[in-house]
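Read the structure below first, then the notes.
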Protein chains: 2
Amino acid sequence: MERIPLRDRQGLTEEEFLQTYDPSIFVRPSVTVDMLIFTVVDKQEENYRKLPNKSLKLLLVKRGVHPYLGQWALPGGFVTHDESVDDAALRELRSETNIDNVYMEQLYTWGEVNRDPRTRVVSCSYMALVDSTSLELKAGDDAADARWFDLTYSLHDEKRTTQGNDAANEYLVKMTFSNDTIILDATVKVMEKKTGKSSRIESDLIESNGIAFDHAKMIQYAVKRLRNKIEYTDIAFNLMPELFTLSELQQVYEVILGKELLPAAFRRKIAGMVTETDQFTKDAGHRPARLFRFNPNWRFI
Amino acid sequence: MERIPLRDRQGLTEEEFLQTYDPSIFVRPSVTVDMLIFTVVDKQEENYRKLPNKSLKLLLVKRGVHPYLGQWALPGGFVTHDESVDDAALRELRSETNIDNVYMEQLYTWGEVNRDPRTRVVSCSYMALVDSTSLELKAGDDAADARWFDLTYSLHDEKRTTQGNDAANEYLVKMTFSNDTIILDATVKVMEKKTGKSSRIESDLIESNGIAFDHAKMIQYAVKRLRNKIEYTDIAFNLMPELFTLSELQQVYEVILGKELLPAAFRRKIAGMVTETDQFTKDAGHRPARLFRFNPNWRFI
DNA sequence: TAAATAGTGTCTCTCAGACAGTATGAG
DNA sequence: CTCATACTGTCTGAGAGACACTATTTA
C-alpha cells in the first residue's frame, strides 16, 4: 500500500519527526496508561415490533500527532510523577467520558522495547465498563476526535500441534471497528506454547489497518478477559442501566460472548444476581417484560 | 516496637540515607519487576510408613541495603532501557534460580506513589512456578541472601455489608513465612467495594513483620491468583516433576488451595490431564502407586 | 497380619443444555 | 387473531461431593 506521507502541525513527516526526536534524553522507560472503554448500546431495528439489537462499542481516539498520525488509538497518556497509575487511568477515563464512577480494572502491562517508535514506553492497560444510558451526553466531541466503534471479534484458523511433551495452540483473532463513516480492522495471532517445562502465551500483530501502535493486541487481550470474566463475575451489570429486562441482560451477554444463549438456562444462571421489581416495559408491540435490578447481595465464590 | 536503627555499608541509618537521597533527579517513574517464585517440596515425616507432606515455598531475598535493610523482599530489579519487561523478569528469575525454562506469568502492576521511600517506582509483578526436584541445586547461596520460606495463607474476619445498592466485602489475609531459622508474618486487608456504578478491589497492608515494601500485598495477590488458576488451568503441573503419583499431584493441589480434597473426585477431575505410565513407586511401606505424566493434549476451554 | 496408602464403584445432588409449551400486549 | 417476545416446565446428561469398599505392598 503506497501512501502520501502525512504531516503534523510542524509540517514534519513521521520519518522527519523521528529523526528530530531525541530519545537519549530518556534513560528510563516512560510509563503510560491505555484505557479500553467498553459500552453496549442498542442498534435500532426497522420493524417496530422487533427488539433493538445490542452491539459492543469501544472508544478510540484519532491521533493528531506523530507517530501514527491520523490512525485510531486507545485513549491514554503518561503517568505523571505525582499520581498513581490507577489515578492516571481514572484521569484519562474522566477526560474522555466525563464519568468517573464506573467499573475499572487493570489488565496487563505491555513492556516490549520497540512498542513506540519515539522512545521506550511501558504501557499499563485498563478496562472500563460504562452504562451507555448514563453516558450518551459526551464522548465523541472532545478536542481530540474520540468516537465509539462497533467491535466484532472472531476466531480463525485454530491449530493445535503436539510433539512429545510439547504442545502449541495457535489461532487468529480478526477484529473490526466500525461506525457510520469509518471501518478499521486488525488481525492478531495468539500463540499458546508449552515447551518442556516452560509455558507461555504470546501474541503478534499480523495486520492493523488504522489502529495505532500495538493497540490491537491490547484490544484482543481485553475482549478475551471480558469474555472470561463475564462468565463468573457480575461485571456485566456495569454495562446495564439501573433497571433492565432479562432479555436485555441476555443480549449483553450474547454480544460479549459472541454467541446465542438459551433463555431458560440463562435465566436460571443469573437468577441469584438480580432482584425483580414490580415495573414492566411498555408499548413494546408484544408482551411486556418485567424490569429487574442488580442484587448487591449476590456474591461470586 | 522500639528498635535500634540498622545501618548500611556507608554507616547510614534509613533516615539519614533518605535525607541524602535526591529524588529530584528522577522525572519519570522507575520501572522494576518483582518475582514471586513458588515451588512445592516434601516435608519429611517421622514415620517411615507415612508419605511426606508437601509445603508451598516462596523465594525471598534478604535486603543488604537501605531501605528495609535486613528485611526480606521479593527478588527483583530495575528494567533497563534495552530489555523488555518480560526479559527483565526472566533475567531476575535466572539470577536467583539458575533456571529459565519455567512457567512465568505477569500478575499485576503496582503503581502507588509512595511504594518506595527512595523515589517513585512502578513495579510489575510476575509469578514463576518451578519444579523443586529439578531445582535443589541452587537458590539459597547467592551473593544476596536468598532463602525459601514455607508459606501459609489464611482468611480471617470475613465481613459483608450491604446498604441499598452498595455492597462491600472485607477480609484479612494472614500469611506466615518460615524456614529453619526465621519466622516472618504479614497481614493484608482486602476490600471489595461496590458503590453505585463503581466497583473496585483494594488491599491495605495492616502489618508486615520482616517483609519489605508492599511485597506482602503482592504475595497475597499472587496466592489468590494461583488458587484461582489451579482450578481451571494446568499450571499445577509446572510444580511437578516429569513423573508423579496422583496422590502427589493431589497434595500439590491441597497445599495451594489450603484444603483437603476427596481422592475419588480429584482423580475424576484430573483424569484427562494425565497419561498413565507402566512405572510404579517402590519401597513405600505400603501399596505402590502408579506414576503418571502430564498429558500435553489436554486443553482447558 | 497390621498399617498405610492406592484406587474404584456408586448414590445423590446440582446444574447446564435442549426444547416444547404457555402467557400476554399492540395493532 | 397474529406477531413477537416473555417466561416456565421438565427431560437429560455431565460432573462434583460423599463415602464405602477393594487392592497391594512392607515390616
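In what follows, chains are A, B, ... by sequence order, proteins preceding strands, each numbered from 1.
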(message) Salt bridge or not between K229(B) and E105(B)? Use side-chain N to carboxylate O under 4.0 Å.
(response) yes
(request) Would you check if M127(A) and M104(A) make a side-chain contact, meaning some heavy-atom pair closer than 4.5 Å? (result) no
(request) Under 4.0 Å from any atom of DNA chain C, heavy atoms only: list the residues of residues 243-253 of chain B that qualify, in numerical order. (result) S247(B)
(request) Answer whether the closest heavy-atom distance between the side chains of L239(A) and I256(A) falls below 4.5 Å. (result) yes
(message) Restricting to salt bridge (charged side-chain N to carboxylate O under 4.0 Å, His left out), what partner residues turn up for E254(A), sequence neighbours left out?
(response) none
Compile the donor-acceptor pairs under 3.5 Å between side chains in residues 264-279 of chain A and protein atoms, sequence neighbours left out, one pair per line.
unit_1: K269(A); atom_1: NZ; unit_2: E231(A); atom_2: OE1; d: 3.0
unit_1: T277(A); atom_1: OG1; unit_2: Q279(A); atom_2: N; d: 3.2
unit_1: T277(A); atom_1: OG1; unit_2: L291(A); atom_2: O; d: 2.6

(message) How many whole angstroms separate atom CZ of R267(A) from atom P of dT5(D)?
(response) 13 Å
(message) Do V190(A) and V173(A) make a side-chain contact, defined as non-hydrogen atoms from C-beta onward lying under 4.5 Å apart?
(response) yes
(message) Within the 3.5 Å criterion, strictly below it, is a donor on Q251(A) or Y253(A) matched to an acceptor on the partner's side chain?
(response) no
(request) Compute both the distance and the angle, then confirm whether K194(B) meets the cation-pi test with F237(A): under 6.0 Å from the six-membered ring centre, within 45 degrees of the axis. (result) no
(request) Estimate the overall bend of the helix from dT1(C)-dA27(D) to dG27(C)-dC1(D) from the end axes over five pairs each, rounded to 10 degrees. (result) 10°
(request) Considering only heavy atoms of chain A and a distance under 4.0 Å, specify the first and last nucleotide of DNA chain C in 5' to 3' order that meet this criterion. (result) dA16(C) to dG27(C)
(message) By the definition salt bridge (charged side-chain N to carboxylate O under 4.0 Å, His left out), identify the one residue from R160(B), R200(B), K224(B) that meets it with E192(B).
(response) K224(B)
(message) For a quick check under 3.5 Å, do S178(A) and D150(A) share a side-chain donor-acceptor pair by atom type?
(response) no
(request) Let me have a per-nucleotide readout for nucleotides 18-27 of chain D, 5' to 3', with B, S or -, counting only protein heavy atoms under 4.0 Å. (result) BB---BBBBS
(request) Let me know, please, whether A289(B) or K282(A) comes out on the 5' side of the other along DNA chain C by nearest nucleotide. (result) A289(B)
(request) Indicate whether the side chain of T162(B) and that of N297(A) have a donor and an acceptor atom separated by less than 3.5 Å. (result) yes
